[in-house]
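Input: a single structure, listed below in structure tokens.
Below, chain A is the first sequence line, B the second, and so on; all start at residue 1. Hydrogens, waters and symmetry mates are skipped; everything else that's a heavy atom, side chains included, is used.
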2 protein chains.
Amino acid sequence: MARAALTREEVLQAAAALVKQHGPAALTMRKLAAELGTAVTSIYWHVGNRESLLDALVARTVADLGVVAARGRTPAERIVSVARGLRRDLRERPHLVAMVHERGLTERMFLPVQRSLVHEVHAAGLRGARAADAVRAVQFHVVGFVLVERNRERAPVQSPGEQDLWDAETGEQDPALARSLGGPVDADRLFTRSTRALVAGLLTADAP
Amino acid sequence: MARAALTREEVLQAAAALVKQHGPAALTMRKLAAELGTAVTSIYWHVGNRESLLDALVARTVADLGVVAARGRTPAERIVSVARGLRRDLRERPHLVAMVHERGLTERMFLPVQRSLVHEVHAAGLRGARAADAVRAVQFHVVGFVLVERNRERAPVQSPGEQDLWDAETGEQDPALARSLGGPVDADRLFTRSTRALVAGLLTADAP
DNA sequence: ACCTGAACACCGTTCAAGT
DNA sequence: ACCTGAACACCGTTCAAGT
């Protein structure tokens with residue numbers, strides 16, 4: 001029997017699934033058509049073209065990323081908790097986040113979180129441009145960190161010789177450091193530490 | 001008259017020029033061949049295929065990014081100055097940096113800078129895993145920031161309504177903040193401030 | 001050793017033609 | 001209103017054939 005009538009919604013869902021699994025490069029109109037059991041050209045009727053299909057997926061992702069509850073006693077703790085929640089959400093849809101990002105919609109995606117960050121930054125006593133910078137610094141930090149760590153994850157081989165370089169020079173003075181820098185990154189720890197440091201610095205720094 | 005013999009070097013240079021101007025997507029084997037005035041297939045003899053051509057470009061970029069001189073009196077100042085120099089270098093070759101990054105070679109690219117960061121972090125009294133984390137936090141911060149700001153730059157239209165959202169809520173309490181968050185980002189200022197805050201936090205933070 | 005064109009299997013997209 | 005296949009202009013890559 002023939003398939004049920006194709007809907008835009010159906011196309012979007014199938015496309016989202018493909019992107020989520022194998023990234024945007026894996027989303028070809030022909031594969032998508034095969035997946036849906038229709039002719040390639042039918043898809044065009046529903047979504048226009050590949051680019052606006054991706055746009056629609058991005059819009060959906062932006063809408064999905066909601067508020068992150070702040071936890072902790074001090075403003076600093078609460079900001080860090082929001083940052084961690086945000087990182088968790090972003091890590092769940094790395095491809096889609098990258099696409100949101102490529103389209104310059106990061107700002108928009110962050111509106112709900114911005115709101116709670118503003119609240120905490122105010123509670124810490126910052127105002128005006130200082131407060132705005134603090135909010136944006138945290139935003140940039142989180143998105144930047146996720147982008148960096150995501151790409152690190154699919155790094156190929158650990159390039160050899162790196163260990164040796166460290167062993168030779170600083171190795172004797174500070175073997176623990178050489179070991180750390182030679183080995184893999186503990187992203188969770190690094191994120192927590194760097195976020196805490198950043199927030200502490202932002203909330204206590206002297207006048208601009 | 002016929003063109004001079006094609007060399008691998010020639011291919012790499014033409015490819016680098018294409019990527020630097022219009023990004024990796026603009027580098028097609030056929031366009032490259034046209035640029036060089038040879039048959040497409042000649043390129044394959046010299047560089048294998050598109051992927052290893054990109055790999056070669058990446059290797060070149062990694063080799064090019066050298067040391068950044070540290071300036072300033074305190075370790076914190078000197079670390080910030082290295083971070084700024086690094087950001088400047090990265091911003092000059094955004095496409096290539098993105099490619100280095102996609103290949104998971106960021107670490108390697110950073111070796112020279114890592115060395116001077118370690119020096120400064122030691123001067124500030126950090127040792128072992130704490131020191132290693134500080135170095136990496138700065139690395140992640142710089143690369144992450146450049147990635148984020150790069151993508152912000154090619155953002156399409158400023159999505160409307162953002163202003164209104166801020167005016168409505170926080171606008172009355174803190175109009176300067178609403179104005180800041182509604183307007184464009186001053187990336188230079190934001191980078192300096194957030195880097196200073198991060199470094200200050202890293203160097204003064206209490207035990208792990 | 002180096003270069004070539006023909007050919008293959010993929011793309012996204014358009015369009016006239018169907019129901 | 002919705003779907004279709006044929007066709008177009010693009011890809012990267014392989015390969016047998018040239019010099």
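- At whole-Å resolution of the value, CG in L36(B) and C1' in dC2(C) are 15 Å apart.
- Inter-residue side-chain proximity for L54(A) and R50(A) is flagged as met; some heavy-atom pair is nearer than 4.5 Å.
- Between H46(B) and dC3(C), a side-chain N or O to OP1/OP2 separation shorter than 4.0 Å is present.
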Contact letters for nucleotides 8-19 of chain D, in which S counts primed atoms plus P, OP1 and OP2 and B counts the base, heavy atoms under 4.0 Å:
---BBBBB----
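- Separating the CZ atom of R8(B) from the P atom of dC2(C) is a distance of 13 Å, rounded to the nearest angstrom.
- The stretch residues 15-26 of chain A has no heavy atom under 4.0 angstrom from DNA chain D at all.
- With contacts defined as side-chain heavy-atom distances shorter than 4.5 Å, the pair L181(A)/R136(B) qualifies.
- Salt-bridge check for R84(A) with D89(A): failed, with every basic side-chain N at 4.0 Å or more from each acidic carboxylate O.
- Electrostatic pairing of R87(A) and E149(A) counts as a salt bridge here, judged by a charged N lying under 4.0 Å from a carboxylate O.
- Between D174(A) and R130(B) there is no salt bridge, since no side-chain N of the basic residue sits under 4.0 Å from a carboxylate O of the acidic one.
- With sequence neighbours excluded, the residues forming a ring pair (Phe, Tyr, Trp, His ring centres under 6.0 Å) with F191(B) are H141(B), F145(B), listed by chain and number.
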What does the 5'-to-3' dot-bracket notation of DNA chain D look like when only Watson-Crick and G-U wobble pairs under 3.5 Å count, and pairs to other strands show as |?
||.|||||...|||||.||
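- For D186(A), there are no side-chain hydrogen bond (donor to acceptor under 3.5 Å, both in side chains) partners at least two apart in sequence or on another chain.
- Put simply, S42(B) has no side-chain N or O that comes within less than 4.0 Å of OP1 or OP2 on dC2(C).
- Within the 4.5 Å cutoff, the side chain of P94(B) has no heavy atoms near those of the V146(B) side chain.
- Of the candidate nucleotides dC3(C), dT4(D), dG5(C), dT4(D) has the atom nearest to the side chain of T38(A).
- As rounded to whole Å, 14 Å separates atom C1' of dT4(D) from atom CH2 of W45(A).
- Without hydrogens or angle criteria, S180(B) side chain to L177(B) main chain gives no donor-acceptor distance under 3.5 Å.
- In the model, S52(B) has a side-chain atom that pairs as donor or acceptor with a side-chain atom of N49(B) under 3.5 Å.
- Among residues at least two apart or in separate chains, salt bridge (Lys or Arg N to Asp or Glu O under 4.0 Å) pairs with a member in residues 59-70 of chain B are E9(B)-R60(B).
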